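What follows is a set of notes on a single structure, which appears directly below.
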Amino acid sequence: MPTDMKLPELGENIEGGDVLRVMVKAGDQIKKDQSVLELETDKATIEVPSSSDGVVSDVKVKPGDKVKVGQTILVIEDSSVGAPSAKAEPPKAAQPSPEPKRKAEVVELNRSKAAPAAPAPASAGPAASAALAVDPAAIAAAPSARRLARELGVNISEIHGSGAGGRISTDDVTAYARRALAGAAGGARPAVAGAALPDFSHWGPVERKPMSGVRRTTAHRLTQAWNQVPHVFQMDRADITQVEALRKKLSKKAEGEGRAPVTITAFLMKVLAAAMKKFPQANSSVDLQNDEIIYKQYVHIGVAVDTDRGLLVPVIRDVDQKDLYQIADDIAQAAEKARNRKLSLDDMQGGSITISNLGSLGGGAFTPIVNWPEVAILGVARAKMEPVFIDGEFVPRFLMPLTLSYDHRVVDGADGVRLLRWVVEAIEQPALIWLDA
């Protein structure tokens with residue numbers, strides 16, 4: 001008897017994704033839990049397992065399709081003899097809750113977490129009271145928009161959606177939050193996040209292409225980070241002449257043992273791990289809803305990886321407990337997983353601080369955007385040999401530009417300078433890399 005296999009729940013607040021690869025075809029015999037579909041969702045690639053044994057009688061999706069949780073992706077014919085009807089007890093993973101129930105669950109989350117943090121202004125009057133009285137279940141909004149509204153402490157019932165039927169998008173939430181911030185500061189500024197674009201075809205041919213899952217997530221998260229975090233950018237240059245010589249020796253030894261080469265990123269990660277203990281405010285997150293700063297007792301460091309799908313940031317765990325060789329191995333493995341679409345959602349969460357090293361691509365210093373909800377990111381540019389005046393004469397030194405971007409709500413300017421100077425001095429004196437003070 002044929003059974004529809006539907007896309008199961010993939011994780012909290014994940015609606016669906018883009019089909020990258022269909023791993024079965026009509027006529028294939030498959031087993032329960034066998035991977036049948038490769039799906040890109042947010043910044044992770046997920047292999048979707050079969051919900052039952054049987055023979056594939058029809059494939060309902062193809063590479064490039066966008067699919068949602070609850071959508072039929074395969075039809076499976078039960079090939080067992082005397083098997084009970086598939087309707088009797090469908091596998092839990094293949095039977096996601098109906099859409100109305102999922103919306104209700106999101107609404108309950110909004111009521112329990114967001115509503116107390118976003119009371120109506122005292123001067124709002126009857127209009128605002130009417131907005132608050134609207135049943136949130138009747139509001140058309142994407143789950144990503146609801147999540148962003150909760151994170152920003154915004155009452156979603158007060159937002160007017162720009163989508164079809166008034167559906168609220170993340171851009172609508174961002175625009176509303178920016179208008180609210182501008183109003184609180186006493187200056188009414190028009191929001192531009194959701195502004196309509198001109199018709200570019202008026203001036204010549206254009207082509208529209210949908211964003212990939214990674215690009216969509218990157219666009220929304222960076223917009224959120226830029227609007228949420230008051231950035232400060234502190235720049236310096238580190239003399240890495242000595243550490244570069246040491247790095248080459250350690251890399252030669254590592255490669256002789258079949259391990260990953262020791263990179264400058266591994267050295268910087270080791271330095272940052274020690275810096276997080278000396279400057280705990282940089283290993284924190286800001287919780288404005290509760291007026292608290294969350295200080296993390298662990299040191300997990302993200303590393304930006306350039307892939308053919310866009311920028312991904314896997315997180316290296318417990319960097320403070322590892323030596324340079326282990327860190328170098330972890331970075332190499334994480335980069336390989338990122339480029340091979342093998343990163344999970346968990347692989348990219350829980351970071352203390354992030355490193356973005358563009359040195360291999362050339363260019364000068366740059367100002368990276370903080371990877372919210374972290375409060376700091378270190379940008380690394382290409383090192384160059386330059387003349388430096390030392391003891392009355394110019395000598396060639398290998399100088400590397402560094403930029404520390406940080407959240408000014410929790411990291412003061414003086415602390416930002418001290419942190420970056422500590423990093424510079426530690427990388428210039430490699431012995432300090434193994435010290436915590």
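What you are looking at is a predicted structure, and each value in this text was computed from that prediction instead of being measured. Only heavy atoms go into these numbers, but all of them, side chains included; no hydrogens, no water, no symmetry mates.
Remark: Phe200 pairs with no residue by the ring pair (Phe, Tyr, Trp, His ring centres under 6.0 Å) rule, at least two apart or across chains. Residues passing the side chain to side chain donor-acceptor pair (under 3.5 Å) test with Lys62 are Asp65, sequence neighbours excluded. When the side chain to side chain donor-acceptor pair (under 3.5 Å) test is applied to Gln228, no partner is found at least two apart in sequence or on another chain. The ring pair (Phe, Tyr, Trp, His ring centres under 6.0 Å) search around Tyr298 returns His300, not counting sequence neighbours. Lys253 meets the salt bridge (charged side-chain N to carboxylate O under 4.0 Å, His left out) test with Glu257; sequence neighbours excluded. Among residues two or more places apart in sequence or in another chain, the side-chain contact (heavy atoms from CB on, under 4.5 Å) test is passed with Asp239 by Thr241, Arg397, Leu399, Glu428. Residues passing the side-chain contact (heavy atoms from CB on, under 4.5 Å) test with Glu336 are Asn340, sequence neighbours excluded. With sequence neighbours left out, Arg339 forms a salt bridge (charged side-chain N to carboxylate O under 4.0 Å, His left out) with no residue at all. For Lys60, the salt bridge (charged side-chain N to carboxylate O under 4.0 Å, His left out) partners at least two apart in sequence or on another chain are Asp58. Applying the salt bridge (charged side-chain N to carboxylate O under 4.0 Å, His left out) criterion to Asp415, with sequence neighbours excluded, gives Arg418. Not counting sequence neighbours, the partners of Phe233 by the ring pair (Phe, Tyr, Trp, His ring centres under 6.0 Å) test are His231.
Checking side-chain atoms of Arg382 against main-chain N and O of Gly359 turns up a donor-acceptor pair under 3.5 Å. Under the 3.5 Å distance criterion, the side-chain polar atoms of Thr403 are left unmatched by any main-chain donor or acceptor of Gly379. The backbone N or O of Asp330 lies less than 3.5 Å from no partner atom in the side chain of Gln333, so there is not a single donor-acceptor pair. Using a distance-only test at 3.5 Å, with no hydrogens or angles considered, no donor-acceptor pair links the side chain of Glu9 to the main chain of Val69. Not one N or O on the side chain of Asp329 forms a donor-acceptor pair closer than 3.5 Å with the backbone of Gln326. A donor-acceptor pair under 3.5 Å links the side-chain atoms of Asn227 to the main chain of Thr223, judged by distance alone.
Between Val36 and Glu47 the shortest side-chain heavy-atom distance does not fall below 4.5 Å. Between Trp203 and Pro198, the closest side-chain pair of non-hydrogen atoms falls below 4.5 Å. Taking the side chain as every heavy atom from C-beta outward, Ile355 and Ile301 approach each other to under 4.5 Å. Residues Leu7 and Lys68 fail the side-chain proximity criterion, which asks for heavy atoms closer than 4.5 Å. Put simply, the side chain of Val375 reaches to within 4.5 Å of the side chain of Ser284, judged on heavy atoms. Between Asp318 and Val299 the shortest side-chain heavy-atom distance does not fall below 4.5 Å. Inter-residue side-chain proximity for Leu39 and Val19 is flagged as met; some heavy-atom pair is nearer than 4.5 Å. Looking only at side-chain heavy atoms (C-beta outward), Gln34 and Val24 come within less than 4.5 Å of each other.
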(message) Checking Lys249 against Glu244 for the salt bridge (Lys or Arg N to Asp or Glu O under 4.0 Å) test, could you report, in this order, the C-alpha distance in whole Å, the side-chain angles of both residues, the deciding distance, and whether it holds?
(response) CA-CA 9 Å; Lys249 291 180 181 179; Glu244 178 63 10; over 6 Å; no
(request) Check step by step if side chain to side chain contact (heavy atoms under 4.5 Å, CB included) holds for Val286 and Asp407. (result) CA-CA 9 Å; Val286 180; Asp407 186 335; 4.0 Å; yes
(request) List the steps and the verdict of side chain to side chain contact (heavy atoms under 4.5 Å, CB included) for Leu37 and Met23. (result) CA-CA 5 Å; Leu37 198 70; Met23 306 165 77; 5.7 Å; no
(request) Before giving the answer on side chain to side chain contact (heavy atoms under 4.5 Å, CB included), spell out for Ile293 and Tyr295 the whole-Å C-alpha distance, their side-chain angles and the decisive distance to 0.1 Å. (result) CA-CA 6 Å; Ile293 299 174; Tyr295 292 95; 3.6 Å; yes
(message) With side chain to side chain contact (heavy atoms under 4.5 Å, CB included) as the criterion, how do Phe279 and Leu272 come out once you've worked through the C-alpha distance, each side chain's angles and the decisive distance to 0.1 Å?
(response) CA-CA 10 Å; Phe279 300 91; Leu272 278 181; over 6 Å; no
(request) Check step by step if side chain to side chain donor-acceptor pair (under 3.5 Å) holds for Ser285 and Lys296. (result) CA-CA 8 Å; Ser285 288; Lys296 300 158 190 173; 3.0 Å; yes
(request) Output, in order, the C-alpha distance, side-chain angles, deciding distance and verdict of side chain to side chain donor-acceptor pair (under 3.5 Å) for Asp171 and Thr174. (result) CA-CA 5 Å; Asp171 283 346; Thr174 301; 5.1 Å; no
(request) Verify side chain to side chain donor-acceptor pair (under 3.5 Å) between Thr354 and Glu374, making sure each step is shown before the conclusion. (result) CA-CA 8 Å; Thr354 294; Glu374 298 166 18; 2.7 Å; yes
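Rounded to the nearest 0.5 angstrom, Leu378 CG and Met269 CE are separated by 10.5 Å. Once rounded to the nearest 0.5 Å, the distance linking CZ of Arg21 with CD of Glu40 reads 13.5 Å. Taken from CG in Asp236 to CG in Leu402, the straight-line distance is 7.0 Å, to the nearest 0.5 Å. Between Leu420 atom CG and Arg237 atom CZ the span is 13.0 Å, to the nearest 0.5 Å. Rounding to the nearest 0.5 Å places CD1 of Ile240 at 11.5 Å from CG of Leu246. Taking CG of Leu222 as the reference point, atom CG of Asn371 lies at 8.0 Å (rounded to 0.5 Å).
Closest approach of Lys322 and Arg317 over heavy atoms only: NZ-O, 2.9 Å. Nearest heavy-atom pair across Met385 and Pro396 is SD-C, 3.8 Å. The two atoms that bring Ala376 and Ile353 nearest to each other are O-CG1, 3.1 Å, heavy atoms only. Residue Arg247 comes nearest to Ile264 through the heavy atom pair CD-N, 3.5 Å, listed as atom of the first residue, atom of the second, then distance. For the residue pair Gly413 and Tyr406, the shortest heavy atom distance occurs at CA-OH, 3.3 Å. Between Ser169 and Asp172 the shortest heavy-atom distance is N-OD2, 3.0 Å.
A side-chain donor-acceptor contact under 3.5 Å links Ser201 and Asp199.
At most 12 non-hydrogen atoms from other residues, nucleotides or ligands lie less than 6.0 angstrom from CD of Gln242. Within 6.0 Å of NZ on Lys66 lie more than 12 heavy atoms contributed by other residues, nucleotides or ligands.
The ring-ring contact (aromatic ring centres under 6.0 Å, His included) analysis of residues 370-390, with sequence neighbours excluded, yields the pairs Phe389-Phe394.
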